[in-house]
Each structure stands twice: as structure tokens, then as C-alpha cells.
**Student:** 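Supplied in C-alpha cells, the structure appears directly below.
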Amino acid sequence: QVQLVESGGGLVQAGGSLRLSCAASGRAFSTYNMAWFRQAPGKEREFVAAISWISANTNYVDSVKGRFTISRDNAKNTVYLQMNSLKPEDTAVYYCAADRSRTVLIRTRRYEYDYWGQGTQVTVSS
């Protein structure tokens, strides 16, 4: 069983930045596609960004393109989400997820991910 632990959330003013981290247990991290999802109050959990296990290809939801950057450090078993130019609508609980399928495709649906973290709250004030 893989454990994912997110950190780095908090309260920030609009226009500010945060960097989220997700540390994974186990030895297979380098073979997982990794993603960030978020869930705002009263809304469905939505895909934010993902990075593939091979070639480190990335994919983003349109609303964060140009503002968020996902990256990974396989030596540290950690995936990051750098969030710049934050907006109040980015307020949500952010979840880290891992896909163990070894597909070369970057997946964006919740059911395609096998492991989830507990989430970290990000609040952007206006």
C-alpha cells in the first residue's frame, strides 16, 4: 500500500504563491503517474495537473495553465505543485494521487488513480 502525504497548503492573498508537496512511500514512485486534484466546498473533485512517470510529460486543466507547474523528484519520492498568481477561485482542498498503471497516457479522471492523500487546504483571500 502506498501512502501519500501532502503539505504546503495555507492561507494566501490573491496574487500570491504556494508550493504544495506530496511525499510518497515505497520504492515504485518513479513508475507512477502522479496528479493533483482539488475539491472546493459543494463541488466535485476536479483534475488540476498531472505528470507522467516516463518523460515527465505534463497536463493541466485550462484554468491553471500558465500559473501552476507540476514537477517531480524521483530521488525524494515527491511531487510538487507550484501555484503562482493565485485567485480566490483556487480555494479548495488539494489532493495528491498516484496511478500505478504505467500507462504512457496522462490520465485526468478520479477513478483512474489508485492511491490518494488526505488533502491539504488552500485558501486564497481576495
Side-chain angles (χ1 to χ4, degrees):
Q1 185 72 11
V2 173
Q3 291 188 327
L4 303 175
V5 180
E6 303 98 334
S7 61
L11 173 64
V12 64
Q13 289 188 332
S17 298
L18 284 174
R19 188 175 83 153
L20 305 183
S21 300
C22 172
S25 64
R27 299 181 179 181
F29 176 80
S30 64
T31 66
Y32 296 152
N33 292 320
M34 298 297 297
W36 289 94
F37 287 73
R38 66 186 179 187
Q39 188 166 16
K43 295 188 176 181
E44 294 290 319
R45 191 173 301 187
E46 68 167 350
F47 170 80
V48 176
I51 185 166
S52 67
W53 71 279
I54 190 167
S55 301
N57 293 326
T58 58
N59 191 17
Y60 299 90
V61 67
D62 286 346
S63 60
V64 308
K65 285 180 180 177
R67 301 188 298 122
F68 290 11
T69 302
I70 188 171
S71 61
R72 66 190 299 158
D73 185 338
N74 290 337
K76 295 183 178 180
N77 275 19
T78 300
V79 63
Y80 304 97
L81 185 67
Q82 178 66 45
M83 305 186 295
N84 299 328
S85 302
L86 282 161
K87 304 176 181 180
E89 51 263 44
D90 295 317
T91 295
V93 177
Y94 283 71
Y95 297 90
C96 174
D99 163 22
R100 63 182 179 180
S101 71
R102 300 197 185 191
T103 177
V104 298
L105 302 175
I106 297 179
R107 298 175 161 183
T108 63
R109 297 177 176 84
R110 288 180 58 182
Y111 66 84
E112 294 172 321
Y113 285 82
D114 303 292
Y115 306 112
W116 292 84
Q118 293 300 306
T120 185
Q121 176 70 47
V122 171
T123 303
V124 185
S125 63
S126 57

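Computed from heavy atoms alone, side chains included, the values below leave out hydrogens, waters and symmetry copies.
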**Student:** What distance do N59 atom CG and S52 atom OG have between them, rounded to the nearest 0.5 Å?
**Tutor:** 10.0 Å
**Student:** Answer with yes or no whether the side chains of S55 and N57 bring together a donor and an acceptor at under 3.5 Å.
**Tutor:** no
**Student:** Tell me if a side-chain donor or acceptor on T58 pairs with a main-chain N or O of I51 at a distance below 3.5 Å.
**Tutor:** no
**Student:** Looking at Q118, I'd like to know if its CD atom is crowded, meaning that more than 12 non-hydrogen atoms belonging to other residues, nucleotides or ligands lie closer than 6.0 Å.
**Tutor:**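 Result for CD/Q118: open.
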**Student:** List for me each residue that meets side-chain hydrogen bond (donor to acceptor under 3.5 Å, both in side chains) alongside T31, sequence neighbours excluded, and say none if there are none.
**Tutor:** none
**Student:** Using a distance-only test with no angle check, is there a side-chain donor-acceptor pair under 3.5 angstrom linking N84 and S17?
**Tutor:**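 Their side chains do contain a donor-acceptor pair, which is all the 3.5 Å distance test asks for.
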**Student:** Do any pairs count as a salt bridge (Lys or Arg N to Asp or Glu O under 4.0 Å) and have a residue in residues 65-83, sequence neighbours left out, and if so which ones?
**Tutor:**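 Found D62-K65, R67-D90.
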**Student:** CZ of F47 to CH2 of W36: how many Å apart, nearest 0.5 Å?
**Tutor:** 13.0 Å
**Student:** Just verifying a value: how many Å separate Q1 CD and D114 CG, rounded to the nearest 0.5 Å?
**Tutor:**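 The distance works out to 9.5 Å.
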**Student:** Sort and list the pairs that fulfil side-chain hydrogen bond (donor to acceptor under 3.5 Å, both in side chains) and have at least one residue in residues 2-16, not counting sequence neighbours.
**Tutor:**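 Checked against side-chain hydrogen bond (donor to acceptor under 3.5 Å, both in side chains) - neighbours excluded - no pair reaches residues 2-16.
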**Student:** Quick one, V48 and R38 - any side-chain contact, counting heavy atoms below 4.5 Å?
**Tutor:** yes
**Student:** Under the disulfide (SG to SG under 2.5 Å) rule, what pairs show up with a residue in residues 21-96, not counting sequence neighbours?
**Tutor:** C22-C96
**Student:** Assigning hydrophobic clusters by single linkage (Ile, Leu, Val, Met, Phe, Trp, Tyr; side-chain heavy-atom cutoff under 4.5 Å), is I106 placed with V61?
**Tutor:**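 As far as the 4.5 Å side-chain criterion goes, V61 and I106 are not connected within one cluster.
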**Student:** Suppose the criterion is ring pair (Phe, Tyr, Trp, His ring centres under 6.0 Å): which pairs have a residue in residues 75-126, not counting sequence neighbours?
**Tutor:** F37-Y113, F37-W116
**Student:** Under 4.5 Å between side-chain heavy atoms, chaining through other members, with only Ile, Leu, Val, Met, Phe, Trp and Tyr counted: pull out the rest of the cluster around I54, sorted by chain and number.
**Tutor:**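 Taking Ile, Leu, Val, Met, Phe, Trp and Tyr as members, I54 shares its hydrophobic cluster with W53, V104.
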**Student:** Pick out which of T91, T123, L18, V124 makes a side chain to side chain contact (heavy atoms under 4.5 Å, CB included) with L11.
**Tutor:**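 For L11, the side chain to side chain contact (heavy atoms under 4.5 Å, CB included) check succeeds only for T123.
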**Student:** Could you state the interatomic distance from CD (Q82) to CG (L20), rounded to the nearest 0.5 Å?
**Tutor:** 9.0 Å
**Student:** Hey, is the main chain of G26 close enough, under 3.5 Å, to the side chain of N77 for a donor-acceptor pair?
**Tutor:** yes
**Student:** Is there a side-chain contact between S63 and E89 in this structure, where contact means two heavy atoms from C-beta onward sitting under 4.5 Å apart?
**Tutor:** no
**Student:** Just by modelled atom types, is the A50 backbone N or O under 3.5 Å from a matching donor or acceptor in the N33 side chain?
**Tutor:**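 No, the answer is negative, given that no donor and acceptor are paired below the 3.5 Å cut-off.
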**Student:** Any side-chain heavy atom of V2 sitting closer than 4.5 Å to one from Y32?
**Tutor:** yes
**Student:** Grouping I, L, V, M, F, W and Y whenever their side-chain heavy atoms are under 4.5 Å apart, do V64 and L81 come out in a common cluster?
**Tutor:**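 Looking at the clustering, L81 is in the same group as V64.
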